[in-house]
Amino acid sequence: MPRGNRGKKGKPHTCKKRRQAQHGTQDLRGAQVTATTMEARSSSSSPGPGVDAKGKPGARSGKHLKHPRGALATTTVPAGVSSTRSSKRAIGEIGKTHNSPQAPLSNVRSRKRSLVRPTYLLVQFLLRMYKTKKPISKVHMLKIIDKKYKNLFLSILKRASESMEVVFGIDVKKDNTAKHSYVLVSKMNLPRNGIVHRGRGFPKTGLLMNLLGVIFMKGNCTTEDDIWNFLGKMKIYAGKRHFLFGEPKKLITQDLVELKYLEYRQVPGSSPACYEFLWGPRAHAETSKMRVLEFLARTNHLDPSAFHCRYEEALKDEEERAQASGCPSVSAAVPST
């Protein structure tokens, strides 16, 4: 485990020079947008009163999500992301609503506000059900959010699903074996359903996916300073316990490293010592550059091809993986969002 004075800046190093020489800054901004997106959605995903897996109200406890303190950070946006969309994202908007263009603005806002509480309740319920690994029926979810929202169920489910994906790295998918039923699938195989450690906590997969995204967007390796700058936009700081992710420095520089999802190493020749992150072997085995790029694209409501050179690199990686596994080229079959 590398040790030393990690807070001080080191000399320019090979990784940074190589990254600057090969790529511009446009693709890097996508990762910055994702930081604000995830922070905003982690705020929006914080349910109010507790609800157990059977749909019964529960008392508040440390197991329930709490609202983080502090205002949301502003950030740079890539080309193609309007300032209006970015502003909505920064104040915790989840998903898109399909409202009539003729509807008064006050009615649109009122409807969005009316979906906040049922979305909170549904997210917490989905998190509890995720631990059981059982399918979840629409009827059961309507009992949680109240049957009066029946006509708005799909809008609420969409908002909750986006929070589950972005914040916790969990996909909400239709269950092919039963009608009006859904299953929860993690994007990666972190131990203990993504919680990493025994006891209470929340899945860390969403955070890991974002970290892998930052590393990829910055040329497949990035400095520790870059990682903390990114996390700072989500109000996640070294040495300060986060309401979702616990003590972040230990999680990122020790836990995820020991699990081989991240590689954390001292930059050769740096004095004072500085450190950098790369994908670990387990990350390469469980996901791919294209999957991570698609994750970033969805969180920013973009097509993966909007990230230009990274998209080309991801396509090449898909082709190499296909050839290594003996399958035909899949470049023409890569899905778009």
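When only modelled atom types and interatomic distance are considered, T223 and D225 share no side-chain donor-acceptor pair under 3.5 Å.
Of all heavy-atom pairs between S305 and Y311, the closest is CA-CG, 3.6 Å. Here the closest non-hydrogen pair linking T205 and F168 is CB-O, 3.4 Å. Heavy atoms only, all atoms of each residue included: F307 and N300 are closest at CZ-ND2, 4.4 Å. When every heavy atom of I195 is checked against every heavy atom of K131, the shortest pair comes out as CD1-CE, 4.0 Å. V257 and Y264 make their closest contact through CG2-CB, 3.6 Å (heavy atoms, listed as atom of the first residue, atom of the second, distance). Across K289 and D317, no two heavy atoms sit closer than the pair N-OD2, 3.7 Å.
For the pair M141 and I156, the minimum side-chain heavy-atom distance is 4.5 Å or more. Between L251 and L256, some side-chain heavy-atom pair lies under the 4.5 Å cut-off. When side chains are defined from C-beta on, I215 does not count as touching V292, because their heavy atoms never get closer than 4.5 Å. Contact annotation: the side chain of I252 approaches that of L231 to within less than 4.5 Å [non-hydrogen atoms, C-beta and beyond]. For the pair T119 and I145, the minimum side-chain heavy-atom distance is 4.5 Å or more. Looking only at side-chain heavy atoms (C-beta outward), V172 and L184 come within less than 4.5 Å of each other. At a threshold of 4.5 Å between non-hydrogen side-chain atoms, the residues L126 and I170 do not count as touching. With contacts defined as side-chain heavy-atom distances shorter than 4.5 Å, the pair L211/Y261 does not qualify.
By the 4.0 Å N-to-carboxylate-O rule, R291 lies too far from E294 to be salt-bridged with it. Salt-bridge formation is not detected for the pair E258/R282: no Lys NZ or Arg NE/NH1/NH2 atom is positioned less than 4.0 Å from an Asp or Glu carboxylate oxygen.
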What's the verdict on salt bridge (Lys or Arg N to Asp or Glu O under 4.0 Å) for E313 and K316, showing C-alpha distance, side-chain angles and the deciding distance?
CA-CA 5 Å; E313 182 179 345; K316 183 178 180 181; over 6 Å; no
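Residues satisfying the salt bridge (charged side-chain N to carboxylate O under 4.0 Å, His left out) test with K173, not counting sequence neighbours, are none. For E247, there are no salt bridge (charged side-chain N to carboxylate O under 4.0 Å, His left out) partners, not counting sequence neighbours. Remark: K187 pairs with E165, D171 by the salt bridge (charged side-chain N to carboxylate O under 4.0 Å, His left out) rule, at least two apart or across chains. For P135, the side-chain contact (heavy atoms from CB on, under 4.5 Å) test picks out D175, S181, V183, with sequence neighbours left out. Among residues two or more places apart in sequence or in another chain, the ring-ring contact (aromatic ring centres under 6.0 Å, His included) test is passed with W279 by H284.
Within the structure, the salt bridge (charged side-chain N to carboxylate O under 4.0 Å, His left out) test picks out no pair touching residues 205-214 (sequence neighbours left out).
The side-chain tip of K133 points at the ring of Y130 from less than 6.0 angstrom away and within 45° of straight on.
If you run side chain to side chain contact (heavy atoms under 4.5 Å, CB included) between Y182 and each of K174, M129, H140, only K174 comes through. Each of L207, I236, I227 was compared with P248 under the side chain to side chain contact (heavy atoms under 4.5 Å, CB included) criterion, and only I236 meets it.
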